[in-house]
> 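Shown below is the structure under consideration.
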2 protein chains.
Amino acid sequence: MTTGILKGGIRHDEMRRSNRSLVIGAVRRAGKLSRTEIAGLTGLSQSTISAIAADLISEGIMLETEHASSTATTRRGRPQVALTLNPEAARAVCLYLSYNQLLAAIVDYSGATIRSTSQTLDTLALGREELIDAVMGAVRNITDGQGQFMRIVFAFQGVTDARANEVLWSPIVSHSNIPFGSLLEDAFSVPVSVQNDCNLIATALHWKNPERYGKNFLAVLLSHGIGMGLMLNGRIFTGIRSSGGEFGHMIHKPDGSLCRCGRRGCIEAYAGSYAIQRRAQDENLHAPLADTHGADLQSLLATARASEGPARLAFREAGQAIGFGLGSLFSLIDPAPVALIGHGTAAFDILEPEIRTALAQTAAGDIASELAFEVWPDEVPLIQEGSAMSALISVDQDVFGPGLRILGAEPEVVA
Amino acid sequence: MTTGILKGGIRHDEMRRSNRSLVIGAVRRAGKLSRTEIAGLTGLSQSTISAIAADLISEGIMLETEHASSTATTRRGRPQVALTLNPEAARAVCLYLSYNQLLAAIVDYSGATIRSTSQTLDTLALGREELIDAVMGAVRNITDGQGQFMRIVFAFQGVTDARANEVLWSPIVSHSNIPFGSLLEDAFSVPVSVQNDCNLIATALHWKNPERYGKNFLAVLLSHGIGMGLMLNGRIFTGIRSSGGEFGHMIHKPDGSLCRCGRRGCIEAYAGSYAIQRRAQDENLHAPLADTHGADLQSLLATARASEGPARLAFREAGQAIGFGLGSLFSLIDPAPVALIGHGTAAFDILEPEIRTALAQTAAGDIASELAFEVWPDEVPLIQEGSAMSALISVDQDVFGPGLRILGAEPEVVA
DNA sequence: TTTATTTTTTCGGAGCTCGAAAAATATAGC
DNA sequence: GCTATATTTTTCGAGCTCCGAAAAAATAAA
């Protein structure tokens, strides 16, 4: 139900704008598409597609590829000409700051990675200015001599604001409210979006496997902390003020274990890998916050698998927290496909039965049995792919859709 | 971020369709509007509005009202002519089935109630067929001799499916999966939508007070059970399969109190009025399910206000459950304006401090202090208004927006 | 080489919006 | 009462964009 916020009469140019975006989106999704196929997919007429394609080609946004052998073997009749996005049409910079690591990449308009860099840095120890300098330096470094670029996407473990401009809070740095968006925009004169890593994971899943991850699904990152990306109605769900979806900080047990965020009883305080380790060692009151990235958890997991004991109990309680949390979430939005991502999924064999047992005790219980989890151990490639798609879709819709011409992306005129 | 589900090229007729809807929506929102004002609000040109208004008037959807004294006292120049929706253009039937009561109303296209009926019935005791017959009878009864109508909205305390067709489960009847939508559609040959009562409350708040209840807010019904309606991005939020938003059945305490739904630890099992009463009397294991509609709760509340004791404790625990629940919810969607509705709000003086204390311990704690609750003791008028608006907006957009002509709504030709 | 088949482009027609000018309708001043 | 001024609404021609049908293009099959 639309509810009467006005402004927004459709004019003539809007129509073209929208249809151009539709065509670009269809080609991005499929990779290669003939005019006839585009007409079929969009419902627009052949003649309209012909006109729009001619424009896009003359603007250097799309390319005609030699005889597309798209449809099986050669058939009678004039062969279809495949259209693709012109890789040279635009470039974007993708940044990903995670615990002690800063990744950067340049992608072309087709999504291919042109160049990438990686550097380690002590994220928690760094001062505010040092942190900003490191990020700025990474962009300067990777773009040096690489020509113009049209977008920066800054992926971040933490809470960003809803306008995708500022980092509000993050577990991996010691500072809050850092306006990376404005800083980067001022420095590089390019639109920047600051995005929560889990939201980008969801974006990536949607592009990798649209059958499973269509208009509604859930991606849960099981890592040092617990994160979530949520797709609802075909859109990444963000909160009203922040990037939202702080699944890890829903309350599992009022007044329960101490969480990294300073509060008590959050899901993360049971299911984050630091919490599992803490629970396995002594009792569960105070958080040591040792950085348990990788190895330690592996040995703990081996112990847990070997026999009953505190280690296995710790993983079980983690599974319970996740299960009840999903149950509460599903009370609001119903079960949907769920993906579990990150190194915490190594313990999936122990977690899953506990998750299902807990879920069965919640309002989602009836349909929980239908629910299939998919596991992706490594989140980094997903975040990188999500960043690239996020940047490029933004170019598709905001720049090439409207048909503006942008500095530094001078299109070749393909007579 | 739009994500590439195709189909949906904009054609020429779509443009008109969309702009017609926009005009109708503007007039519905404002009640009375001159062509000039519509042009200003929609951003469309005067000439376009003139053309669209002429169409709508000739189709009998809008009316020219005598010299609208909309703008203060008379000014120089040709006076504005106010346009209003023609009350005769359409009618809709609104039904509301709640505990032991079935309300029906006919509203005209301006939203005015033409006729209304009320009947009591023993909802829990009624057989499946008796229940269906009662609903059918109510529609037949109220529409008898009243001419054609274009929509039925069936408001319901309970879970409906996402297509707004079926009642999946309800606490007030003994049967589940009743396809009221199809049954009514077959019987009356009119589109029917079956809606959760809390979603309609949210719709009503949005129309009554768009400043406060704009694109994002939350309505929580504190009654025998606990319900929720959620507006996100200007749309009523529904789950993927069901009407969704079952706030009352998020888990407050794993393995906690028995809930009316058969599970344990739901928020409702602490905050529903049956739960409060149960908690005040003995211990909290089994639910008596006495129908505590009204009076009993009043005396309990008096006891609670008078002195410390089990009664006050029961209300306090209810507040805690609500507070932690809101905290979890706000972890996902951030604080937004909240309205509390229903007879449970009579205890607001006791509940509020507990809600705020609990909230402060959750991720929403930082901004919880900014949060203002608004209290509406009586839900029925809101549900009725919400039903009417829901039905009429559907006519606006699906029938009159496209400009089709519908049986039984023969427009007068206003030369 | 001719015919059949399929894709793509071209062209005329129709619908919608827009801006500017004209028409309509009131008040204000003399 | 008449004219000037102000404001709203309608009218009219121009400009986009889309569509359908026909033409053109490009290939396989006969």
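Chain letters run A, B, ... following the sequence lines, proteins first, then strands; residues in each count from 1.
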> Return the set of residues passing side-chain hydrogen bond (donor to acceptor under 3.5 Å, both in side chains) with B/Arg241 (not counting sequence neighbours), or none when no residue passes.
A/Glu370
> Between CG of A/Asp13 and CZ of A/Arg20, what distance do you get to the nearest 0.5 Å?
12.0 Å
> State which residues pass salt bridge (charged side-chain N to carboxylate O under 4.0 Å, His left out) with A/Glu64; sequence neighbours excluded, sorted by chain then number.
A/Arg35
> B/Thr113: which residues meet the side-chain hydrogen bond (donor to acceptor under 3.5 Å, both in side chains) condition with it, sequence neighbours left out?
none
> Counting heavy atoms from C-beta on, name the nucleotide in C/dT17, D/dG20, D/dC12 closest to the side chain of B/Ser47.
D/dC12
> Which residues satisfy the salt bridge (charged side-chain N to carboxylate O under 4.0 Å, His left out) test with A/Arg115, sequence neighbours excluded?
none
> Mind checking what makes side-chain hydrogen bond (donor to acceptor under 3.5 Å, both in side chains) contact with A/Arg163, not counting sequence neighbours?
A/Asp161
> Would one find a side-chain N or O of B/Asn19 under 4.0 angstrom from OP1 or OP2 of C/dT17?
yes
> Looking only at N and O atoms, is any donor in the side chain of A/His12 or the base of D/dC16 less than 3.5 Å from an acceptor on the other one?
yes
> Does a side-chain N or O of A/Thr48 approach OP1 or OP2 of D/dC19 to a distance below 4.0 Å, or not?
yes
> Send over the distance from A/Arg16 CZ to C/dT17 C1', rounded to a whole Å.
16 Å
> Could you encode protein contacts along nucleotides 1-9 of chain D as a string, one character per nucleotide from 5' to 3', using B for base contact, S for sugar-phosphate-only contact and - for no contact, with a heavy-atom cut-off of under 4.0 Å?
----BBBBB
